[in-house]
Amino acid sequence: MSEKKFIMIDNEFMAGTDMYSNREQFVYVLLKALENNVNGATVIHIESIASVLGLSSHSKNRTAIQNILLSLEEKNLLLLYTDLTMTKQIDVKDMKLTGVYYAKLVEVKGGQGFTKIYYTDMDKFINMDEKYKDLMFVIYFN
């Protein structure tokens, strides 16, 4: 019998709707789901994130995604690097919208425990053809 793989997301982070937008929460969980097993980094390409969110690669959408990443960085949830070995850190405000970067997520550790999000469920959200999948994800989580 195979065990279902999952990621653990802090309940306090997901309940923090006064501090985090639905889109910030979804993007954080998306990046968490895409972490690799080698160095725990997630490859970031803004157009790929736009595609998952159901947005066009129009410059206003790319800027909006960069602003989400900037907000996560300002809230000390994201560190961004230019190299796979994660030795050359860069600020989100300095990233090129067409570049490829490596993100390290900072674990949220509140006092309300964690919820398991199965990769099979996350895959459904990633592949869903809906513009507001971030809102649907937050409803699912709750």
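Note that the structure is predicted; figures quoted are calculated from it, not measured.
- A distance of 15.0 Å separates OH of Y101 from OH of Y81, quoted to the nearest 0.5 Å.
- Note that OG1 of T87 is 11.5 Å distant from OH of Y102, once rounded to the nearest 0.5 Å.
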Subject >> Stepwise side-chain contact (heavy atoms from CB on, under 4.5 Å) test for E74 and L70 >> reply: CA-CA 6 Å; E74 289 170 349; L70 181 61; 3.7 Å; yes
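- A donor-acceptor contact shorter than 3.5 Å links the side chain of Q66 to the backbone of V92.
- For T63 (side chain) and S59 (main-chain N/O), a donor-acceptor pair under 3.5 Å exists by modelled atom type.
- Residues Y140 and F125 bring their aromatic ring centres within 6.0 Å.
- Under a hydrophobic-cluster definition in which Ile, Leu, Val, Met, Phe, Trp and Tyr are linked whenever side-chain heavy atoms come within less than 4.5 Å, directly or via other members, F114 and L30 are assigned to different clusters.
- In this structure, CZ on R23 lies 12.5 Å from CG on L72, to the nearest 0.5 angstrom.
- Considering only residues two or more places apart in sequence or on other chains, E24 meets the salt bridge (charged side-chain N to carboxylate O under 4.0 Å, His left out) condition with K75.
- Across K88 and D83, no two heavy atoms sit closer than the pair N-OD1, 2.9 Å.
- Between N76 and V106, the closest heavy-atom pair is O-CB, 3.3 Å.
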**OP:** Evaluate the side-chain contact (heavy atoms from CB on, under 4.5 Å) criterion for residues F137 and M14: first the C-alpha distance (whole Å), next the side-chain angles of each, then the deciding distance (0.1 Å), finally the verdict.
**Re:** CA-CA 11 Å; F137 171 76; M14 290 303 292; 3.5 Å; yes
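- Atom CG of L31 and atom CG of L77 lie 11.0 Å apart (nearest 0.5 Å).
- Using cut-offs of 30° and 60° for the angle between ring planes, the F13 and Y20 rings count as tilted.
- Judged by distance alone, the side chain of D10 and the main-chain N or O of E12 form a donor-acceptor pair under 3.5 Å.
- Put simply, the side chain of K133 gets close to the backbone of V52: a donor and an acceptor are under 3.5 Å apart.
- More than 12 heavy atoms of other shown residues, nucleotides or ligands fall within 6.0 angstrom of atom CZ in F141.
- The line from NZ of K4 to CG of D121 is 5.5 Å long, rounded to the nearest 0.5 Å.
- Residue L78 comes nearest to I44 through the heavy atom pair CD1-CD1, 4.4 Å, listed as atom of the first residue, atom of the second, then distance.
- Hydrophobic clustering (ILVMFWY, side-chain heavy atoms < 4.5 Å, transitive): V29 and L79 are in distinct clusters.
- Rounding to the nearest 0.5 angstrom, the gap separating the OG1 atom in T42 from the NZ atom in K104 is 8.5 Å.
- Between D134 and V138, every side-chain heavy-atom pair lies at or beyond the 4.5 Å cut-off.
- Linking Ile, Leu, Val, Met, Phe, Trp and Tyr residues whenever their side-chain heavy atoms come within less than 4.5 Å leaves I90 and M86 in two separate clusters.
- What you find for Q112 and N11 is that their closest heavy atoms are O-ND2, 3.0 Å.
- The two residues S56 and A50 have their closest heavy-atom pair at O-CB, 3.9 Å.
- Residues F26 and L53 meet the side-chain proximity criterion, which asks for heavy atoms closer than 4.5 Å.
- A 4.5 Å side-chain heavy-atom check between K5 and T120 finds every atom pair outside the cut-off.
- Following chains of ILVMFWY side-chain contacts shorter than 4.5 Å, one cannot reach V27 starting from Y132, and the two form parts of different hydrophobic clusters.
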Original post:
V100 and V43: side-chain contact (heavy atoms from CB on, under 4.5 Å), yes or no, with the steps?
Top reply: CA-CA 7 Å; V100 175; V43 177; 3.6 Å; yes
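- A pairwise comparison of heavy atoms in Y119 and A33 identifies CE2-O, 3.2 Å as the closest pair.
- A 4.5 Å side-chain heavy-atom check between M95 and L69 finds at least one atom pair inside the cut-off.
- A single hydrophobic cluster is not seen to contain both L34 and F6; linkage of ILVMFWY side chains at heavy-atom distances under 4.5 Å, directly or through other members, places them apart.
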**OP:** Assess whether side-chain contact (heavy atoms from CB on, under 4.5 Å) is satisfied between K32 and I117, documenting all intermediate values.
**Re:** CA-CA 11 Å; K32 182 89 174 135; I117 299 178; over 6 Å; no
